[in-house]
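In what follows, a structure is listed as structure tokens, so that the remarks can point back to it.
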Amino acid sequence: MLVSSAELYKRAGIDRVETAIVNMEQNGFKLDVDFCNRSRVDAEEQEAVTLERLNDWLVDAGFPRDINWASPLQVAKLLHDDMGMPPSPVWKKGRVNLAKGERKLDEAALGWIRNRSEPSVRFGLDELVRLRRIRGAIKYLGKLPGYVAPDGLVHSVAGPASDADQRAGTITWRLAAKNPEVMQIPTDIKKDWFRVRKAFIAPMGHTLLVADEKALEVVILGHLLVRLFDDHQLADMVAPGAPDIHSTNARLVFGKFLRWERHGRCVDQFPVEYFQSDDYPELQRLRQAIKEVWYGLMYGKSAYGFATSLRDDRDNPIGEEAASKIVAALFDAVPGVPRYQSFVLDYIQQHHGIPGLGGAWCDLRELTQSGDQWLLKKAHRVAQNYPMQNGGAVIIGRAMADCYEDKWLWDQGLRLERQVHDEFNWRVPETADLAGVKARIRQHMTSYPLTAPLQVTIGQGANWDEAGNA
DNA sequence: CGATCACGG
DNA sequence: ACGCCGTGATCG
């Protein structure tokens, strides 16, 4: 059935979302400029100390001290040609083609080298990682204050919109943000030593609300499995009150199916809660590993990729055989996943595209009709991902418009500052009916009719860091 | 201006 | 060419 573009436009509520986006851009957000400046000074001091340590390290090893640590070429020459360290066969995204002379020095590659190094070399590699982390924070602390407009607020630019006006947008209907890129502000506590999100503060008399859709793309897949195959397993796994899905998967995969042992007994002997407990780091690592496999599979990754992206304790890739066993076990644990993969492949070979939730059509003809098996595989990966990524964008877009058009919320003073794919950041006056506002937000964010229920967590605080972790 | 690296989802 | 979608700083 063919649907007119006007009908698609209406179904997706694009005009409603656009209006809410424009309002978000106008709202802007308050930046703690003093915090940025203080932290930047602190970070630059640490940068200088780290640089000095790196230079001393070079001199001690008998090399000239003026190398540019931001240059992969110069660092590669130093580590591999001058110091004789073996180049890493792995990096964050997988294999390194050493036969072709390819070299990688991202953090994953440096970690591999580090684990095969003398203590003196480790010192230098650790300092290099440190330097990159510090500079990563300085990037934001230094530039963010420059975006404060005459009204005292920062107005990041959002999409989607045409390329012509230089605004941001995506083929999946997700938003993007630029000038500044507020969607990329560090959040990982292990990486973000300067807590840049603390600079995103509520204006005077306001508080910040951070509302997050829980495992949005997994819920959408659960919905699709019910609709396509009447398979309720995944929907049940993400239902309210169900245990954490990645813990359940780790227990099933490594315990029930692979019979691995940790802390002296088979993994399936542990209660599912232990997989998130700091007292059981071995179980936490299994949970983290299966979480990576889960999301990788959702986006079309295979055992070939997991063979290098999954590492043992010494950073050695686990290899394709071990990866295949883990993937097979996860398929056994959640059969809807391989079933969905096969369905999508059949579908794109028949229809040369894949639909999204809002009636969007992802055209894959160029990939599926080329006769090239590699391009067909590429199409398969895109097609697996598209319903989830586009579905998430549709759901969050509708919630965004519903919240914006809600007169009661507007009168309470609720104003959207940011949208980050599955998360909203609002400011609201401290005098507002906060419990009522949160309840209404929760209602709008869970109203999309899916067969697997949406769930929302809402945090509150004086800044993005606090509110996001509350 | 393409490649590398890093950040988010 | 074996993980999807993005923005941006920096190097050569």
Side-chain angles (χ1 to χ4, degrees), chain A residues 67-77 91-97 102-110 128-129 131-140 142-143 156-160 166-188 190-192 196-197 212-213 215-218 292-310 320 323 327 344 354 356 362 367 370 372-393 396 418-424 464 468:
Chain A
I67 145 169
N68 184 349
W69 297 102
S71 163
L73 243 59
Q74 292 184 39
V75 174
K77 179 181 175 296
W91 65 305
K92 189 181 178 206
K93 294 205 175 269
R95 291 168 172 75
V96 180
N97 196 338
E102 192 184 31
R103 290 160 163 183
K104 290 289 182 186
L105 284 168
D106 74 344
E107 194 171 337
L110 285 177
L128 178 53
V129 171
L131 180 70
R132 288 179 178 177
R133 288 267 157 80
I134 294 166
R135 286 180 169 173
I138 290 174
K139 171 189 167 185
Y140 288 109
K143 79 175 191 170
S156 181
V157 177
Q166 300 295 304
R167 287 163 51 136
T170 71
I171 59 166
T172 56
W173 300 7
R174 270 187 171 191
L175 297 193
K178 54 169 67 173
N179 302 323
E181 67 276 31
V182 289
M183 285 173 164
Q184 282 73 35
I185 305 300
T187 188
D188 186 338
K190 295 187 294 298
K191 297 181 198 168
D192 178 24
V196 177
R197 289 188 179 211
D212 196 274
E213 297 274 12
L216 180 56
E217 296 187 358
V218 183
E292 286 175 31
V293 174
W294 178 266
Y295 282 105
L297 283 172
M298 284 172 68
Y299 303 154
K301 197 168 174 175
S302 64
Y304 177 92
F306 295 127
T308 43
S309 65
L310 293 177
E320 200 156 349
V327 170
V344 170
I354 193 93
C362 178
L367 297 174
S370 65
D372 182 327
Q373 288 306 300
W374 281 111
L375 293 183
L376 179 61
K377 283 183 188 249
K378 167 75 178 171
H380 190 199
R381 293 195 299 273
V382 172
Q384 286 178 68
N385 171 260
Y386 188 85
M388 287 176 270
Q389 194 168 126
N390 167 78
I396 210 75
R418 284 169 299 279
Q419 186 255 56
V420 193
H421 308 309
D422 61 356
E423 168 186 332
F424 291 117
W464 192 2

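Reminder, nothing fancy here: chain letters follow the sequence lines and each chain counts from 1.
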Check: Under 3.5 Å, side chain of A:Q74 to main-chain N/O of A:N68, donor-acceptor pair present?
Finding: yes
Notebook entry, point to check: With respect to the side chain of A:P186, which nucleotide from B:dC7, C:dG3, B:dC5 is positioned closest?
Noted result: B:dC7
Check: Within the pair A:R381 and C:dC4, is there a side-chain N or O less than 4.0 Å away from OP1 or OP2?
Finding: yes
Checklist line | Spacing of A:K104 atom NZ relative to B:dA3 atom P, expressed in whole Å | finding: 10 Å
Check: Hey, is the main chain of A:L216 close enough, under 3.5 Å, to the side chain of A:D422 for a donor-acceptor pair?
Finding: no
Item checked: A:G94 backbone acceptor or donor facing A:S309 side chain under 3.5 Å -> no
Check: Of the nucleotides B:dT4, B:dA6, C:dC5, which has the atom closest to the A:Q389 side chain?
Finding: C:dC5
Item checked: Minimum-distance nucleotide to A:A70 side chain [options: C:dG8, B:dG8, C:dC11] -> C:dC11
Check: Does a nitrogen or oxygen in the side chain of A:N179 sit under 4.0 Å from OP1 or OP2 of C:dG8?
Finding: yes
Margin query: Without decimals, in angstroms, what is the distance between A:K139 NZ and B:dG8 C1'?
Written below: 10 Å
Check: Within the structure shown, what part of the strands sits under 4.0 Å from A:E107 by heavy-atom distance: base, sugar-phosphate, or nothing?
Finding: sugar-phosphate
Note to self: Using a 4.0 Å heavy-atom cut-off, does A:G305 contact any base of the nucleic acid, only the sugar-phosphate backbone, or nothing at all?
What the structure shows: sugar-phosphate
Notebook entry, point to check: NA contact type, A:L297, heavy-atom cut-off 4.0 Å: base, sugar-phosphate, or nothing?
Noted result: nothing
Next item on the list: Among the candidates C:dT7, C:dG3, B:dT4, find the nucleotide nearest to the side-chain atoms of A:A176.
Entry: C:dT7
Check: Regarding A:R135 and the six-membered ring of A:W69, is the cationic atom NZ or CZ under 6.0 Å from the ring centre and inside 45° of its axis?
Finding: no
Checklist line | Nucleotide nearest A:T172 when distance is taken to its side chain, options C:dC2, C:dC5, C:dG8 | finding: C:dC5
Next item on the list: Give the rounded distance in Å between these two atoms: OH of A:Y295 and P of B:dG8.
Entry: 15 Å
Next item on the list: Looking at every strand, decide which applies to A:L216 at a 4.0 Å heavy-atom threshold: base, sugar-phosphate, or nothing.
Entry: nothing
Item checked: Residue-phosphate contact under 4.0 Å: A:N68 side-chain N/O, C:dT10 OP1/OP2 -> no
Next item on the list: Look only at the side chain of A:R197 and the backbone of A:P186, and say whether a donor-acceptor pair between them is shorter than 3.5 Å.
Entry: yes
Check: Does some side-chain heavy atom of A:E107 sit less than 4.5 Å from a side-chain heavy atom of A:R133?
Finding: yes
Checklist line | Selection from C:dC4, B:dG9, C:dG12 that lies nearest to any side-chain heavy atom of A:K378 | finding: C:dC4
Check: Using a cut-off of 4.0 Å on non-hydrogen atoms, how would the nucleic acid contact of A:D192 be classed: base, sugar-phosphate, or nothing?
Finding: nothing
Next item on the list: Could you measure between the two P atoms, the one in C:dG3 and the one in B:dG2, and give it in whole Å?
Entry: 24 Å
Margin query: Base, sugar-phosphate or nothing for A:N97? Non-hydrogen atoms, less than 4.0 Å.
Written below: nothing
Check: Which part of the nucleic acid does A:R135 contact within heavy-atom distance under 4.0 Å: base, sugar-phosphate only, or nothing?
Finding: nothing
Notebook entry, point to check: Counting side-chain heavy atoms from C-beta on, which of C:dG12, C:dA1, C:dA9 comes nearest to A:L73?
Noted result: C:dG12
Next item on the list: For A:Q74 and for A:K143, locate the closest nucleotide of DNA chain C by heavy-atom distance; then report the residue assigned to the nucleotide nearer the 5' terminus.
Entry: A:K143
Check: What's the closest nucleotide to the A:K191 side chain, out of C:dA9, B:dC7, C:dC11?
Finding: B:dC7
Note to self: Between A:S71 and C:dG12, is there a contact of a side-chain N or O with OP1 or OP2 at under 4.0 Å?
What the structure shows: yes
Next item on the list: Take the protein atom NZ of A:K377 and the nucleotide atom P of C:dG3, then report the distance between them rounded to whole Å.
Entry: 10 Å
Check: What is the distance from atom NE2 of A:H380 to atom CD of A:Q384, rounded to the nearest 0.5 Å?
Finding: 4.0 Å
Item checked: Short side-chain N/O contact to B:dA6 OP1/OP2 from A:R132, under 4.0 Å -> yes
Next item on the list: Between C:dC11, C:dG8, B:dA6, spot the one nearest the side chain of A:D106, thanks.
Entry: B:dA6
Check: If we take the P atom in both C:dC2 and B:dC5, what is their distance in whole Å?
Finding: 16 Å
Check: Considering only side-chain heavy atoms of A:Q184, which listed nucleotide, C:dG6, C:dC5, B:dC5, is closest?
Finding: C:dG6
Note to self: Under 4.0 Å, counting only non-hydrogen atoms across every strand here, what does A:K93 touch: a base, just sugar-phosphate, or nothing?
What the structure shows: nothing
Check: Which whole-number value in Å describes the distance from A:D188 CG to B:dC7 P?
Finding: 8 Å
